Amino acid sequence: MVGLRYLILWLLLFMGSTTVFSTRYQKVFGSDWTSAARYVADHHAEWQQEFAPFGVDSRLAEAIVFPELIRYSMWQDEIGRAAVNGLYVTKGSQGADFSIGRFQMKPSFAEQVEQAWNRSSLSKQYGFVFNLQPNNQARRSRIRRLSTMQGQCRYLAIFILLQQQRHPQLSRLSHKDQVRFLATAYNRSFTASYSQIRKMQHHRHYHTDVIKTRSTRLYCYADIAVAYYNQI
C-alpha cells in the first residue's frame, strides 16, 4: 500500500514537471511559439499525406522541426533562397550553404540525406534514387525540392527512416526519447554515432537572434522539441 502511494506521488510529480517544462518554453517564446503551433495545426493534414507513404509518425516529425518553425523568418529565408539559387547552383555548398524553407534545411544536409539514401536498402525498397552528379542540373533540382513544403517533408521523412535504420536502438526508446534523439541529430549532426548524439542531447546552441552576440540566450534544441511533443 505504501509502495502504491509512492508510485502515485511520483506519477503526479512527473506529470506536473512535464506541464511546467512545456509551459516554460511557451512563455519564453510567446507569440512565436503560438504562431508555430498554429502553423503546424493548419498544415498537419497536408504534411501527414507526405509522411504516410514512408510510414513516419507525423507528430514525431513535426516535433523534430518545431524549433525551426519558431525562429523561421521570411525575410532571412528570401536572402537564403537567393544565395543558394545563385551561388550554390554554380559552386555547390562551398559557394553557399544557407538554411532555407520552414524546416530550415541546408543544401549540404539534403546532399547527405540523398547520399545515405542511395547507399541504403531503402532506395531499393521505395524504388527511387537521387541524382548525385556534381553539376548545375542536379543542384538546381535539389534546391527546387528544398524550396517546396512537399520536398522538405519528404527530406524529413527520409532523414527519420535513415536514422531509424542507422540506429536500431531507437525502437527501444520511448517516443519522447526518440524525439529528443532525432531532434538532436537533425540540429547537430546527421552522421554522428549513437553515443555521440546521446551526448549532445542537452547541449545549448539554439537561439532566435538574427546574429548571435554575448547577450544571446541559448537553449537546448531537443528540449524545445520534446516540450512541444509533450503538448500534443
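It should be emphasised that the depicted structure is a prediction, and the values quoted were computed from it without experimental measurement.
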Quiz prompt | His205 side chain reached by Tyr221 side chain, heavy atoms, under 4.5 Å | solution = no
Exercise. Tell me yes or no: between the side chains of Gln165 and Ser121, is some donor less than 3.5 Å from an acceptor?
Key: yes
Quiz item: Got a sec, which residues hit side chain to side chain contact (heavy atoms under 4.5 Å, CB included) with Ser58, two or more places apart in sequence or on another chain?
Solution: His44, Gln48, Phe51, Glu62
Quiz item: Could you give the distance from CG (Asn230) to NZ (Lys176), rounded to the nearest 0.5 Å?
Solution: 6.0 Å
Quiz item: Taking atom CD of Gln137 as the centre, does the number of heavy atoms from other residues, nucleotides or ligands within less than 6.0 Å exceed 12?
Solution: no
Practice problem: Indicate yes or no for a side-chain donor-acceptor contact from Asp209 to the backbone of Lys212 under 3.5 Å, with no hydrogens or angles considered. | Solution: no
Quiz item: Is there side-chain contact between Phe130 and Ser123, with at least one heavy-atom pair below 4.5 Å?
Solution: no
Practice problem: Indicate yes or no: at least one non-hydrogen side-chain atom of Glu68 is less than 4.5 angstrom from one of Gln152. | Solution: no
Exercise. Return yes if some donor-acceptor pair links the side-chain N/O of Arg71 with the main-chain N/O of His207 below 3.5 Å, else return no.
Key: yes
Self-check item: Validation row: Arg102, Leu69 side chains within 4.5 angstrom (heavy atoms)
Solution: yes
Quiz item: Which residues pass the side chain to side chain contact (heavy atoms under 4.5 Å, CB included) test with Arg140, sequence neighbours left out?
Solution: Val89, Asn136, Arg144
Quiz item: Any idea which heavy atoms bring Ile100 and Leu146 closest together, and the distance?
Solution: CD1-CB, 3.7 Å
Self-check item: Steps toward side chain to side chain contact (heavy atoms under 4.5 Å, CB included) verdict (Gln163, Ile197)
Solution: CA-CA 11 Å; Gln163 289 294 310; Ile197 293 172; 4.0 Å; yes
Quiz item: In Å and rounded to the nearest 0.5 Å, what is the OG1 to CZ distance from Thr184 to Arg188?
Solution: 9.0 Å
Exercise. Could you tell me whether the side chains of Tyr88 and Arg139 share a donor-acceptor contact shorter than 3.5 Å?
Key: no
Quiz item: Do the side chains of Gln169 and Arg172 get nearer than 4.5 Å, heavy atoms only?
Solution: yes
Quiz item: So, for Gln178 and Leu60, which heavy atoms are closest and what is the spacing to 0.1 Å?
Solution: OE1-CD1, 4.0 Å
Exercise. Using the test side chain to side chain contact (heavy atoms under 4.5 Å, CB included), find all partners of Ser189 that sit at least two apart in sequence or belong to another chain.
Key: Thr191, Ala192, Met200
Quiz item: How many angstroms lie between CG in Asp97 and CZ in Phe109, if you round to the nearest 0.5 Å?
Solution: 11.5 Å
Quiz item: Taking all non-hydrogen atoms of both residues, which atom of Leu132 and which atom of Arg142 are closest, and how far apart?
Solution: CD2-NH2, 4.1 Å
Practice problem: Would you mind telling me which of Tyr186, Trp33, Tyr229 makes a ring pair (Phe, Tyr, Trp, His ring centres under 6.0 Å) with Phe66? | Solution: Trp33
Quiz item: With a 4.5 Å heavy-atom cut-off, do Tyr126 and Leu161 have their side chains touching?
Solution: yes
Quiz item: Minimum heavy-atom separation for Ala183 to Ala225, with atom names?
Solution: CB-CB, 3.7 Å
Quiz item: For the ring pair Phe29 and Tyr219, is the centre-to-centre distance below 6.0 Å?
Solution: yes
Exercise. Determine whether Ile79 and Leu87 fall in the same hydrophobic cluster, where Ile, Leu, Val, Met, Phe, Trp and Tyr are linked whenever their side-chain heavy atoms lie under 4.5 Å apart.
Key: no
Self-check item: Parallel, tilted or perpendicular, as decided by the 30° and 60° cut-offs, for the rings of Phe159 and Phe190
Solution: tilted
Quiz item: In the hydrophobic clustering (ILVMFWY, side-chain contacts below 4.5 Å, transitive), which residues join Ile211, or is it alone?
Solution: Val210
Quiz prompt | Contact check, side chains of Thr208 and Asp32, non-hydrogen atoms, under 4.5 Å | solution = no
Quiz item: For the hydrophobic clusters of this structure (ILVMFWY residues joined by side-chain heavy atoms under 4.5 Å, transitively), does one cluster hold both Ile224 and Leu218?
Solution: no
Practice problem: Evaluate the ring planes of His43 and Trp47, with Trp represented by its six-membered ring, and classify them as parallel (under 30°), tilted (30 to 60°) or perpendicular (over 60°). | Solution: parallel
Exercise. Would you indicate whether the side-chain heavy atoms of Leu170 and Leu182 approach each other to under 4.5 Å?
Key: yes
Quiz prompt | Qualifying residues under side chain to side chain contact (heavy atoms under 4.5 Å, CB included), relative to Arg154, sequence neighbours excluded | solution = Glu50, Phe54, Gln150
Quiz item: Out of curiosity, Tyr206 OH to Asn187 CG, how far, rounded to the nearest 0.5 Å?
Solution: 9.0 Å
Quiz item: Can you name the closest pair of heavy atoms from Pro107 and Phe98 and give their distance?
Solution: CD-O, 3.3 Å
Quiz item: Say you draw a straight line from SG of Cys153 to CD of Glu46; how long is it, rounded to the nearest 0.5 Å?
Solution: 7.0 Å
Quiz prompt | Pair Asp77 + Arg81: basic N to acidic O under 4.0 Å | solution = yes
Quiz item: When the ring planes of Phe181 and His167 are compared, do they come out parallel, tilted or perpendicular, using 30° and 60° as the limits?
Solution: perpendicular
Practice problem: Share the residues that join Val129 in a hydrophobic cluster, the rule being Ile, Leu, Val, Met, Phe, Trp or Tyr side chains under 4.5 Å apart at the heavy-atom level. | Solution: none
Quiz item: Taking all atoms of both residues into account, what is the closest heavy-atom pair of Cys220 and Arg204, and its distance?
Solution: N-CG, 4.0 Å
Self-check item: Spacing of Ser93 atom OG and Lys106 atom NZ [to the nearest 0.5 Å]
Solution: 10.0 Å
